[in-house]
Amino acid sequence: MNGTDEKDEWIGLLRDGLERLEQGFASLPEYASSAVAKSPQASAVMAQVASRLTDNYPYFHPLYAGQMLKPPHPVAQAAYALAMTINPNNHARDGGRASSAMEMEAVAEIARMFGWGEAGGFLGHLTSGGTFANLEALWVSSQLAPGKLVVASEQAHYTHRRITAVLGIPFEAVRCDDRGRMDVNALEDALRRGNVGTVVATLGTTALGAVDPLAEILALRERYGFRVHVDAAYGGYFRLIRSDLGESAASAFESMERVDSIVVDPHKHGLQPYGCGCVLFRDAGVGRFYKHDSPYTYFTSTELHLGEISLECSRAGAAAVALWATQKLLPLVGPGEPEGGFARGLAAGRRAALELDCRLREDPRFSPLPCGPELDIVVWRVSGASNQAQQIFEACEACGLHLALVQLPGRFFEANESERVQCLRSVLMKPEHEEWLPEIWRRLSVAAER
Ligand SMILES: *Cc1c(COP(=O)(O)O)cnc(C)c1O
């Protein structure tokens with residue numbers, strides 16, 4: 001939610017947009033709609049909706065620093081709401097002509113962010129989220145290398161194990177090093193055993209924001225030959241500020257140009273409402289696997305329909321419109337560019353994470369991960385009894401600071417290998433977190449004293 005002025009402003013944006021949209025359809029004969037927008041009953045229902053929705057953590061506020069949640073940009077909200085009045089379906093051009101074209105443009109901008117598109121083609125589209133985007137990437141992998149293994153690190157998102165089970169693809173987890181990144185020696189052991197078709201490299205793990213060593217993985221590809229799929233659902237946008245990252249993460253983001261497929265979630269770091277993932281394939285030829293004959297075909301134009309390169313059928317055109325609008329306002333360019341406001345926002349969250357890590361390191365009550373945060377996620381353990389993290393988590397809640405909990409292998413903290421450590425975790429993904437860090441720290445300190 002925005003402050004009151006901002007809320008008025010985005011409603012103003014929407015109202016202006018609606019007016020323009022109506023003008024565009026002004027030549028239609030008038031008709032009486034059976035839907036009534038404003039009635040005492042509708043107002044009563046909306047009052048109930050608003051009151052039910054207050055039963056949420058304040059995800060939009062900087063004091064919410066727990067999970068991967070941040071509000072969509074006001075322009076994304078207004079564009080989504082405007083498009084929703086038309087409710088286009090990006091399954092086919094006939095169902096969403098303008099929004100299909102906008103999806104292709106927005107996806108091409110994302111591909112360009114990864115260094116794709118200048119040389120050679122690519123294929124890509126939006127999905128309902130990262131899970132489905134990864135499913136499509138692994139499905140294409142399995143079509144290219146039937147029966148071969150998919151491997152991902154033990155810190156990869158649990159969705160990879162589940163997706164491969166759904167698709168009937170054999171799966172193996174590869175051990176991580178003590179920073180939560182895929183251990184390339186363990187990967188090479190798996191490659192020597194043979195039958196690996198695809199390696200999933202996670203650039204920004206969900207728990208730690210750890211970045212798998214993509215350049216080293218690509219070097220192994222030279223020797224062993226396999227597909228490389230990058231799951232950058234969370235971390236993908238950090239490519240824009242790779243020079244602000246540690247050396248190993250920077251090199252991984254630099255190497256994205258050379259992979260076979262990429263997943264990124266605009267609904268995580270891309271300021272979009274939920275329902276917006278994206279999958280990209282380097283070789284546009286994989287489109288052949290999607291070929292289908294729809295008996296309901298409303299594919300009346302000869303141009304490419306997104307439903308011909310997507311496993312999902314109906315998809316929200318409004319999601320594409322919101323993304324297109326956001327990227328027009330905040331282009332996917334580096335923080336040094338005059339239009340680089342989006343990248344500067346990412347960099348602010350990153351600085352907040354480094355500042356929190358620094359304060360934790362100086363405080364004997366806490367021990368953060370020895371390696372520090374690779375992106376904007378900070379994880380730390382609490383000295384003393386094993387249930388302390390849970391207690392501090394609850395005390396923070398009582399102080400109005402919302403953090404998260406995560407269980408990690410003890411070796412990440414140079415502790416016992418078999419021990420699982422309950423840790424506190426904070427995702428500092430809003431630009432405002434930088435300014436709010438002193439207040440976040442104050443509340444955490446008060447909670448830890450209790
Ligand atoms: C969030 C996430 C996913 C799952 O994406 P959804 O959009 O939640 O379906 C997959 N991989 C990584 C690394 C993620 O962070």
Side-chain angles (χ1 to χ4, degrees), residues 59 66-72 76 107 110 114 124-141 150-167 169 171 173-174 176 179-182 198-214 217 228-239 245 249 252-253 256 259 261-280 310-312 315-316 319-320 322-323 346 349 353 373-379 404 406 408 425-429:
Y59 310 116
Q67 307 285 358
M68 296 168 166
L69 286 152
K70 69 174 180 181
V107 168
I110 291 178
F114 294 127
H125 59 272
L126 301 180
T127 62
S128 55
T131 299
F132 217 94
N134 276 304
L135 182 141
E136 294 201 19
L138 296 184
W139 172 73
V140 162
S141 287
V150 167
V151 301
S153 92
E154 57 190 10
Q155 285 287 311
H157 198 282
Y158 69 84
T159 193
H160 294 287
R161 189 181 284 277
R162 281 225 301 220
I163 288 168
T164 47
V166 168
L167 295 171
I169 308 171
F171 176 87
V174 175
C176 285
R179 299 169 148 225
R181 306 175 305 185
M182 182 182 281
T198 302
V199 175
V200 177
T202 307
L203 268 54
T205 60
T206 314
L208 300 181
V211 179
D212 284 348
L214 182 58
I217 293 170
V228 176
H229 169 60
V230 166
D231 181 1
Y234 183 73
Y237 291 97
F238 281 89
R239 181 170 154 101
L245 306 178
F253 282 104
M256 291 180 87
V259 307
S261 52
I262 299 176
V263 161
V264 63
D265 261 355
H267 71 198
K268 283 209 180 120
H269 247 306
L271 298 168
Q272 297 311 296
Y274 284 115
C276 195
C278 177
V279 62
L280 300 168
S310 161
L311 289 185
E312 287 173 285
R315 290 177 313 118
L323 182 65
L346 281 180
E374 285 201 272
L375 303 179
D376 56 3
I377 301 174
V378 185
V379 174
V406 64
L408 292 173
R425 168 170 168 269
S426 179
V427 179
L428 294 162
M429 71 189 299

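Throughout, numbering of the chain's residues begins at 1 and tracks the sequence. Note that ligands are numbered from 1 as they come in the structure, with each ligand's atoms numbered from 1 the same way. Scope of the values below: all heavy atoms of this structure, side chains included, with no hydrogens, waters or symmetry mates.
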#### Entry: Heavy-atom donor-acceptor pair, Asp231 side chain to Ala233 backbone, under 3.5 Å
yes

### Task
Check whether any side-chain N or O of Thr127 sits under 3.5 Å from a backbone N or O of Gly129 as a donor-acceptor pair, and report yes or no.
yes

### Query
Distance-only, no hydrogens or angles: does the Ser426 side chain make a donor-acceptor pair with backbone N or O of Leu428 under 3.5 Å?
no

### Query
Going by the order shown, which atoms of ligand 1 are within less than 4.0 Å of some heavy atom of His267?
7 (O)

### Query
Is there a donor-acceptor pair under 3.5 Å between the side chain of Arg161 and the backbone N or O of Phe171?
no

### Query
Between Asp265 and ligand 1, is there a nitrogen or oxygen pair with a distance under 3.5 Å?
yes

### For Asn134, atoms of ligand 1 separated by under 4.0 Å from a heavy atom
10 (C)

### Message
With heavy-atom distances below 4.0 Å as the criterion, list the atoms of ligand 1 near Thr206.
### Response
12 (C), 13 (C), 14 (C), 15 (O)

### Message
For atom 13 (C) of ligand 1, which of the options Thr159, Val230, Asp231 provides the nearest non-hydrogen atom?
### Response
Asp231

### Message
Out of all atoms in ligand 1, which are within 4.0 Å of some heavy atom of Gly129? Include the element for each.
### Response
7 (O)

#### Entry: His229: which of Ile262, Val199, Val259, Asn134 passes side-chain contact (heavy atoms from CB on, under 4.5 Å)
Asn134

### Query
With sequence neighbours left out, what residues match Phe238 under ring pair (Phe, Tyr, Trp, His ring centres under 6.0 Å)?
His269

### Query
Does ligand 1 have an atom under 4.0 Å from some heavy atom of His160?
no

### Task
Enumerate the atoms of ligand 1 whose separation from the nearest heavy atom of Tyr234 is less than 4.0 angstrom.
15 (O)

### Message
Donor-acceptor check, side chain of Glu374 to backbone of Ala210, threshold 3.5 angstrom: yes or no?
### Response
no

### Residue, atom name and distance, where the atom is the protein heavy atom closest to atom 6 (P) of ligand 1
Gly130 N, 3.4 Å

### Summary
The closest protein heavy-atom partner of atom 9 (O) of ligand 1 is Thr131 OG1, 2.6 Å

### Query
So which protein heavy atom does atom 2 (C) of ligand 1 come closest to, and at what separation?
Lys268 NZ, 2.3 Å

#### Entry: Arg239 side chain to Phe253 backbone, donor-acceptor under 3.5 Å
yes

